[in-house]
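So the structure is just underneath, and the comments pick up after that.
Predicted model, so just to flag it, every value in this text is computed and none were measured.
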Amino acid sequence: MSGNHHYYSAQRSQENRDYSVNKANSIALVVEGGGQKGIFTAGVLDAFLKEKFNPFSLLIGTSAGALNLASYICGQYRHAYRVITEATMHKNFFNMRSFLFESKGMDLDWLIEQTKTKIPLDWNRGDENMKNRVVLVTATQADNNQVDYFDLFGAGWELALKASCSIPGIYNTPATLDKYHWLDGGVQAPIPLEEVHRQGYKHIVVIRTAPPEVKYEHKFLAKLTPYIKNLKTKEIMNKLIDHEESYLKAQMFLESPPEDVSIYELHPTRLLKSKLIGSKKTSLDYDYQQGFDCGRQFLESYQGIDMYR
């Protein structure tokens with residue numbers, strides 16, 4: 001028997017608000033990555049911030065989701081929107097011509113510096129907000145593909161965010177933290193639901209950057225990889241295959257959660273107009289508003305959810 005799964009989008013919510021849920025002491029929030037598609041998540045979390053809504057004891061973010069959580073836990077309305085629409089669109093962060101012809105990938109060091117100077121994160125407030133919560137970001141160890149979780153509380157937030165956002169193939173130099181090299185958390189934990197469940201949480205709010213019906217399957221990659229001679233290209237393709245397998249596993253958890261778990265999934269109504277990188281400003285604005293509307297829709301329904309009954 002499966003647990004409960006409730007869906008929310010800008011245009012849809014559960015009509016029946018007589019929820020039958022199990023007992024739980026706490027609520028967890030899981031935030032998916034997706035590069036600039038994280039603008040949808042920025043909209044959802046801004047809707048939460050506007051209503052001073054943060055009932056979560058555990059918050060886990062992957063890649064762009066980690067950056068979104070940083071803005072959220074620091075209580076900064078529209079901060080994540082600015083990071084995406086200003087910093088990630090700047091040529092100093094990523095330039096397609098330089099990427100194609102000079103093999104220069106994303107400059108995460110520059111991006112993190114922007115969150116300290118031009119678009120600063122308020123970590124004094126963030127640390128205060130985390131005193132009664134745990135905020136984790138995911139990263140994948142480059143050498144053995146093991147996922148780990150880094151606590152954003154305290155002084156280690158810069159390297160933790162950098163590690164979580166190191167997209168293979170687009171960011172050339174793995175982040176170094178605790179003497180290990182780290183890659184994007186989405187390689188092994190795109191939606192880290194099992195970790196949340198392992199920690200004992202029965203009610204999980206999940207913010208997605210893709211509709212529930214989307215399946216990321218490219219089976220031809222597994223067939224093609226053995227014939228590729230370039231080691232760097234082969235490594236990137238293997239990471240992509242790992243990501244797809246991890247994503248499908250997370251979707252299986254979402255579609256059929258354990259009997260004692262209730263999932264509350266916030267998602268776009270259709271594929272976002274934004275891309276992983278290189279999005280148009282109009283697309284980002286459209287997807288941000290869709291996320292904001294989805295967040296408001298959830299908050300209206302949330303009043304009818306008794307998560308502690």
Side-chain angles (χ1 to χ4, degrees), residues 4-17 29-50 53 61-69 71-72 78 80-81 83-85 88-89 167 170 184 186 190-193 204-221 240 243-257 262-302 305:
N4 301 299
H5 191 148
H6 313 290
Y7 296 88
Y8 304 85
S9 70
Q11 300 176 6
R12 175 181 69 177
S13 66
Q14 295 293 121
E15 294 180 2
N16 178 12
R17 297 186 182 181
L29 174 66
V30 175
V31 184
E32 184 181 4
Q36 289 179 336
K37 291 186 288 186
I39 196 73
F40 175 85
T41 302
V44 172
L45 293 178
D46 273 350
F48 289 2
L49 283 172
K50 194 168 185 180
F53 177 80
T62 292
S63 195
L67 285 170
N68 270 304
L69 277 189
S71 300
Y72 179 58
R78 286 182 71 86
Y81 171 86
V83 170
I84 296 172
T85 59
T88 72
M89 295 185 72
I167 303 174
I170 301 180
D184 192 302
I191 313 174
L193 294 161
I204 309 170
V205 175
V206 182
I207 304 178
R208 300 279 306 278
T209 50
E213 63 273 13
V214 170
K215 306 291 184 183
Y216 292 110
E217 293 185 277
H218 299 93
K219 295 181 180 179
F220 71 93
L221 288 178
L240 181 57
H243 165 76
E244 290 176 353
E245 291 176 351
S246 300
Y247 201 91
L248 288 172
K249 189 175 181 181
Q251 285 185 305
M252 290 175 62
F253 188 104
L254 282 168
E255 292 168 2
S256 184
S262 290
I263 300 288
Y264 308 87
E265 179 180 336
L266 287 72
H267 61 84
T269 54
R270 59 186 62 86
L271 284 174
L272 295 174
K273 294 184 177 183
S274 305
K275 306 174 184 177
L276 179 70
I277 200 163
S279 307
K280 295 180 180 179
K281 176 65 161 50
T282 52
S283 297
L284 293 172
D285 285 338
Y286 181 90
D287 291 338
Y288 172 84
Q289 187 60 49
Q290 185 183 171
F292 190 86
D293 292 342
C294 179
R296 290 193 304 184
Q297 185 73 44
F298 171 76
L299 290 176
E300 290 176 5
S301 298
Y302 180 82
I305 304 174

(Q) Let's go through V206 and I263 carefully: what are the C-alpha distance in whole Å and the side-chain angles of both, what is the deciding distance for side-chain contact (heavy atoms from CB on, under 4.5 Å) to 0.1 Å, and is it a yes or a no? (A) CA-CA 7 Å; V206 182; I263 300 288; 4.1 Å; yes

Decide side-chain contact (heavy atoms from CB on, under 4.5 Å) for Q290 and T269; before the verdict, give the C-alpha distance in whole Å, the side-chain angles of both, and the deciding distance to 0.1 Å.
CA-CA 8 Å; Q290 185 183 171; T269 54; 3.1 Å; yes

Value for CG (L272) from CG (D287), rounded to nearest 0.5 Å, stands at 4.0 Å

### Message
Using modelled atom types and a 3.5 Å cut-off, is there a donor and acceptor pairing between side-chain atoms of D46 and backbone atoms of R78?
### Response
yes

| L45 side chain reached by S71 side chain, heavy atoms, under 4.5 Å | no

**Prompt:** How about N4 and P257: do any of their side-chain heavy atoms sit closer than 4.5 Å?
**Reply:** no

Verdict with supporting geometry, L284 and Q36, side-chain contact (heavy atoms from CB on, under 4.5 Å): CA-CA 8 Å; L284 293 172; Q36 289 179 336; 4.0 Å; yes

Between the side chain of T209 and the main-chain N/O of K37, is any donor-acceptor distance below 3.5 Å? no

Between T85 and I39, does the side-chain contact (heavy atoms from CB on, under 4.5 Å) criterion hold? Intermediate values first, please.
CA-CA 8 Å; T85 59; I39 196 73; 4.1 Å; yes

Residues 31-50 vs ring pair (Phe, Tyr, Trp, His ring centres under 6.0 Å), sequence neighbours excluded, gives F48-F53, F48-F298

task: With the side chain counted from C-beta on, respond yes when I191 and T62 share a heavy-atom pair under 4.5 Å apart, and no when they do not.
output: no

In terms of heavy-atom contacts, A64 and G35 come closest through CB-O, 3.3 Å

Of L254, T41, V44, V30, the one forming a side-chain contact (heavy atoms from CB on, under 4.5 Å) with R208 is L254

Y81 meets the ring-ring contact (aromatic ring centres under 6.0 Å, His included) criterion, sequence neighbours left out, with Y288

*Close side-chain approach of L29 and I204, heavy atoms under 4.5 Å*: no

Closest heavy-atom pair, A80 versus A42, reported as atoms and distance to 0.1 Å, is CB-CB, 3.8 Å

Residues G33 and S63: closest non-hydrogen pair is CA-CB, 4.3 Å

* Heavy atoms, side chains only, cut-off 4.5 Å: are C294 and H267 in contact? -> no

key: Polar side-chain atom of N68 near backbone of G38 as donor-acceptor pair, under 3.5 Å   = yes

Worksheet item: Are K273 and K280 side-chain neighbours, meaning at least one heavy-atom pair lies under 4.5 Å?
Response: no

Check your understanding: Is any side-chain heavy atom of L299 less than 4.5 Å from a side-chain heavy atom of R296?
Key -> no

- Message: Under 3.5 Å, is there a donor on one side chain and an acceptor on the other for Q289 and D285?
- Response: no

N/O donor-acceptor pair under 3.5 Å between S279 side chain and K275 backbone: yes

